[in-house]
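Below, all heavy atoms of this structure are taken into account, side chains as well, without hydrogens, waters or symmetry copies. Quantities reported herein were computed from a predicted structural model and do not represent experimental measurements. Chain A is the first sequence line, chain B the second, and so forth, proteins listed ahead of strands; every chain is numbered from 1.
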Amino acid sequence: MSEEETSELLAVRRRKLESLREAGIEPFPHAFAGVTPIAEAKAPHEGLADGEETDVRVRVAGRLHARRGQGKMAFLDLDDRTGRIQLQARRDVLGDEAFERLLTMDLGDLIGADGTIFKTRRGELSVLLSGWTLLAKSLRPPPEKHHGLTDTETRFRHRELDLMSNPETREVFVTRAKIVSAIRRFLDDEGFIEVETPVLQPIYGGALARPFTTHFNALEKTMYLRIATELYLKRLIVGGLERVYELGKDFRNEGLSPKHNPEFTMLEWYEAYADWEVVAERAERLVRAVGEAVGSEKFAQPWKRETLAGSVHSRTGIDVLANRSLESLQGAMREAGMEVPDEPNWAALVDYLVSKHVEPTLIEPTMLHDYPVELSPFAKRHREHDGLVERFEAFADGMEFANAFSELNDPDDQRARFEEQVRHAAAGDESAPPFDTDYIFSLEHGMPPTGGIGIGIDRLTMLLTGQRTIREVVLFPALK
RNA sequence: GCCGCCGUAGCUCAGUGGUAGAGCAGCGGACUUUUAAUCCGUUGUGCGUUGGUUCGAAUCCAACCGGCGGCACCA
């Protein structure tokens, strides 16, 4: 036995478990049929006058949260997913044995309760117990009842304790579920079909990121966890599915931060015959609908739009398009009295300027569009401006949450972009994706003009629930 | 990976060099309208780990482990 198992707190609960069994009471029964959610049990009776009783019978179940009194009458608070209700236990109603046995129940035990609804003199809607059942014995004490659980490490490593003691945590994850189902409803209604593409891939692509690597024993082959669903989804567009979406986990072998978890949930959709502006319009409508579904005002207004170059110019006075080489741009930054970081090329320096000087200022939902081709290996060239692609990224609260473009469907251009990325990889860029011959093969059969987007669901959930770190919207976030 | 802050009982927290505390929870008792119930009594194999300094370390120092924030990487 470990030291922990000998501790008095746990031993007391163990002894109670044994005494229940000795009394012929099953501490872990199989089911408890006919339970009404607590909020539903309460709702019809909120109008009762103080002290008013009913003969309405209810059956509720949940976790014992608190207990008051223990003479001839006791009050107990019972929690379920929908709320909390007070139980009134009376010796004269339950009888000596059931009453006394109930008082030996521990906080944290799961209890089923039968009784009638009434409102106490103090105005608390309650259940006058006519009977009760232990549904599962709890062998460890729950977190403290009124401060809840605040220790972040315990909250994330043992999310079940966070969920049982902090209702606001439950709300975040219920909202997250509503967000996901609202997304599916919206896209299904607009003629998209949901698909599943491989998580385990022989070659990774569709984004600039380092992958997780694993090994397929039967084939003696290195495999990768996907960093994006993009390339497989566009192969489905080539195949004629025309409107597809996938909601699923991507994996990127990068650092942890308040905005980054190594596995995260991404929505991507692709639609034939559309360009980035069609996608932008649909994305705005989708996010507005999702916001309405969860009662958030965050995306009620139309999103602002700025060109990427314009956004840098307005914040820093620097014209990145008039300084189209690394040396020239570095010079312009020095002239402006700015620190010049050590970046390998012009595109990386532009990316730096955006992330340092523009992104933090984008609080209201904003699209930046017209990106440099060097930053966008899968986006179609801009119909008017050389060196740019038709792409936008969407931001809010200083954080990117979506990335979309007119999809590159010229197989020869795509081949050249892959070759450029392969050169970057050879020069030591670990996030440059490898050449994907199957993808080129697919494009050579002809992909219609297509618009596509990726939306980070964790970040969207952060925005819609007001959470400041991704760990608060992921049930079991990555920890050391 | 780097820098800073943090780690005390099941939980929430006091305690900054003199030998470990409170509240809740627990245990025993009183109480038929409580709701952070109250009252009386009572328990606690706990200072993240390992070293070091000191007559003496939760407290000072070092390394390590873990958490948080920032940087780097990235979405």
Start with the C-alpha gap between Arg176(A) and Gln467(A), add the side-chain angles, then the distance that decides, and say whether side chain to side chain donor-acceptor pair (under 3.5 Å) holds.
CA-CA 12 Å; Arg176(A) 181 176 174 130; Gln467(A) 296 297 323; over 6 Å; no

Please assess Thr169(A) against Asp162(A) for the test side chain to side chain donor-acceptor pair (under 3.5 Å), listing each intermediate value before the final yes or no.
CA-CA 7 Å; Thr169(A) 298; Asp162(A) 187 25; 3.0 Å; yes

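By the neighbour-count criterion of 12 heavy atoms within 6.0 Å, atom CZ of Arg468(A) is sparsely surrounded, having that number or fewer from other residues, nucleotides or ligands. Atom CG of Asp55(A) sits in a sparse spot, with 12 or fewer heavy atoms from other residues, nucleotides or ligands closer than 6.0 Å. In this structure, Glu160(A) places its CD atom where more than 12 heavy-atom neighbours from other residues, nucleotides or ligands lie under 6.0 Å away.
Ranking U12(B), A75(B), U35(B) by closeness to the Leu149(A) side chain, first place goes to U12(B). When each of A75(B), C13(B), U35(B) is scored by its nearest atom to the side-chain atoms of Thr150(A), the top-ranked nucleotide is C13(B).
If you find the closest nucleotide of RNA chain B to Asn261(A) and to Gln86(A), the one lying nearer the 5' end belongs to Gln86(A). Residue whose closest nucleotide on RNA chain B sits further toward the 5' end, between Glu254(A) and Gly123(A): Gly123(A).
What separates CG of Leu129(A) from P of U32(B) is a distance of 17 Å, to the nearest Å.
Comparing the P positions of U49(B) and U59(B) gives an interatomic distance of 11 Å, to the nearest angstrom. To the nearest whole angstrom, the two P atoms, one in A22(B) and one in U43(B), are 10 Å apart. The same atom, P, is picked in G44(B) and in C65(B); the two are 35 Å apart, to the nearest Å. Spacing between U45(B) and G10(B) at atom P, rounded to whole Å, works out to 9 Å. Rounded to whole Å, the P atom of G46(B) lies 36 Å from the corresponding atom of U35(B). The same atom, C1', is picked in C64(B) and in G17(B); the two are 24 Å apart, to the nearest Å. Nucleotides A62(B) and G26(B) have their C1' atoms positioned 40 Å apart, rounded to a whole Å. Nucleotides U8(B) and C68(B), compared at atom P, are 15 Å apart to the nearest Å.
A heavy atom lying under 4.0 Å from RNA chain B marks none of the residues of residues 45-59 of chain A. Contacts between residues 342-366 of chain A and RNA chain B, defined by a heavy-atom separation under 4.0 Å, are made by Lys356(A). Contacts of residues 467-480 of chain A with RNA chain B (heavy atom under 4.0 Å): Thr469(A), Arg471(A), Leu479(A), Lys480(A). Near RNA chain B, meaning a heavy atom under 4.0 Å from it, residues 151-160 of chain A has Asp151(A), Thr152(A), Glu153(A), Phe156(A), Arg157(A) in order of number.
Ser376(A) contributes no side-chain N or O that, together with a main-chain N or O of Phe378(A), makes up a donor-acceptor pair within less than 3.5 Å. Under the 3.5 Å distance criterion, the side-chain polar atoms of Arg252(A) are left unmatched by any main-chain donor or acceptor of Glu263(A).
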Quick one, give me the B/S/- string for nucleotides 21-30 of chain B, reading 5' to 3', where B means a protein heavy atom under 4.0 Å from the base and S means that only happens at the primed atoms, P, OP1 or OP2.
--BBSSS-BB

Side-chain donor-acceptor distances from residues 392-405 of chain A under 3.5 Å, at least two apart:
| from | atom 1 | to | atom 2 | distance (Å) |
| --- | --- | --- | --- | --- |
| Glu393(A) | OE1 | Tyr371(A) | OH | 2.8 |
| Glu393(A) | OE2 | Arg391(A) | NH2 | 3.0 |
| Asp397(A) | OD1 | Lys298(A) | NZ | 2.5 |
| Asn403(A) | OD1 | Arg391(A) | NE | 2.9 |
| Asn403(A) | OD1 | Arg391(A) | NH2 | 3.4 |

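A side chain to side chain contact (heavy atoms under 4.5 Å, CB included) with Phe28(A) is found for exactly one of Leu134(A), Leu20(A), Leu17(A), Leu135(A), namely Leu17(A).
The closest side-chain donor-acceptor pair between Thr150(A) and Arg155(A), if any, does not fall under 3.5 angstrom. Defined by atom type and a distance below 3.5 Å, a donor-acceptor pair is present between the side-chain atoms of Ser130(A) and Arg57(A).
Judged as a ring-ring contact (aromatic ring centres under 6.0 Å, His included), and not counting sequence neighbours, Tyr439(A) has no contacts. Residues that satisfy the side chain to side chain donor-acceptor pair (under 3.5 Å) test with Arg84(A), not counting sequence neighbours, are His65(A), Asp79(A). Residues passing the ring-ring contact (aromatic ring centres under 6.0 Å, His included) test with His382(A), sequence neighbours excluded: His385(A). Taking the salt bridge (charged side-chain N to carboxylate O under 4.0 Å, His left out) definition, one finds that Glu364(A) meets it with nothing, sequence neighbours left out.
Among the protein residues, Gln88(A) comes within range of the nucleic acid bases, having at least one heavy atom under 4.0 Å from a base atom. Among the protein residues, Arg459(A) comes within range of the nucleic acid bases, having at least one heavy atom under 4.0 Å from a base atom. Contacts of Glu400(A) with the nucleic acid, taken as non-hydrogen atoms under 4.0 Å apart, involve only primed sugar atoms and P, OP1 or OP2. Contacts of Gly454(A) with the nucleic acid, taken as non-hydrogen atoms under 4.0 Å apart, are absent. Across all strands shown, Gly255(A) has heavy atoms under 4.0 Å from base atoms, whether or not it also approaches the sugar-phosphate.
Val279(A) places none of its side-chain heavy atoms less than 4.5 Å from the side chain of Tyr270(A).
Sorted by first then second residue, the side chain to side chain donor-acceptor pair (under 3.5 Å) pairs that include residues 107-120 of chain A, not counting sequence neighbours, are Arg59(A)-Asp114(A), Asp109(A)-Lys137(A).
Taking the six-membered ring where the residue is Trp, Phe192(A) and Trp269(A) present perpendicular rings, their angle passing 60° and hence far from 30°.
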Starting at the 5' end of RNA chain B, write a dot or bracket for each base, bracketing those in Watson-Crick or G-U wobble pairs whose two distances are under 3.5 Å and using | for partners on another strand.
(((((((..((((....[..)))).(((((.......))))).....(((((..]....))))))))))))....

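Between Arg226(A) and Glu246(A) there is a salt bridge, since at least one side-chain N of the basic residue sits less than 4.0 Å from a carboxylate O of the acidic one.
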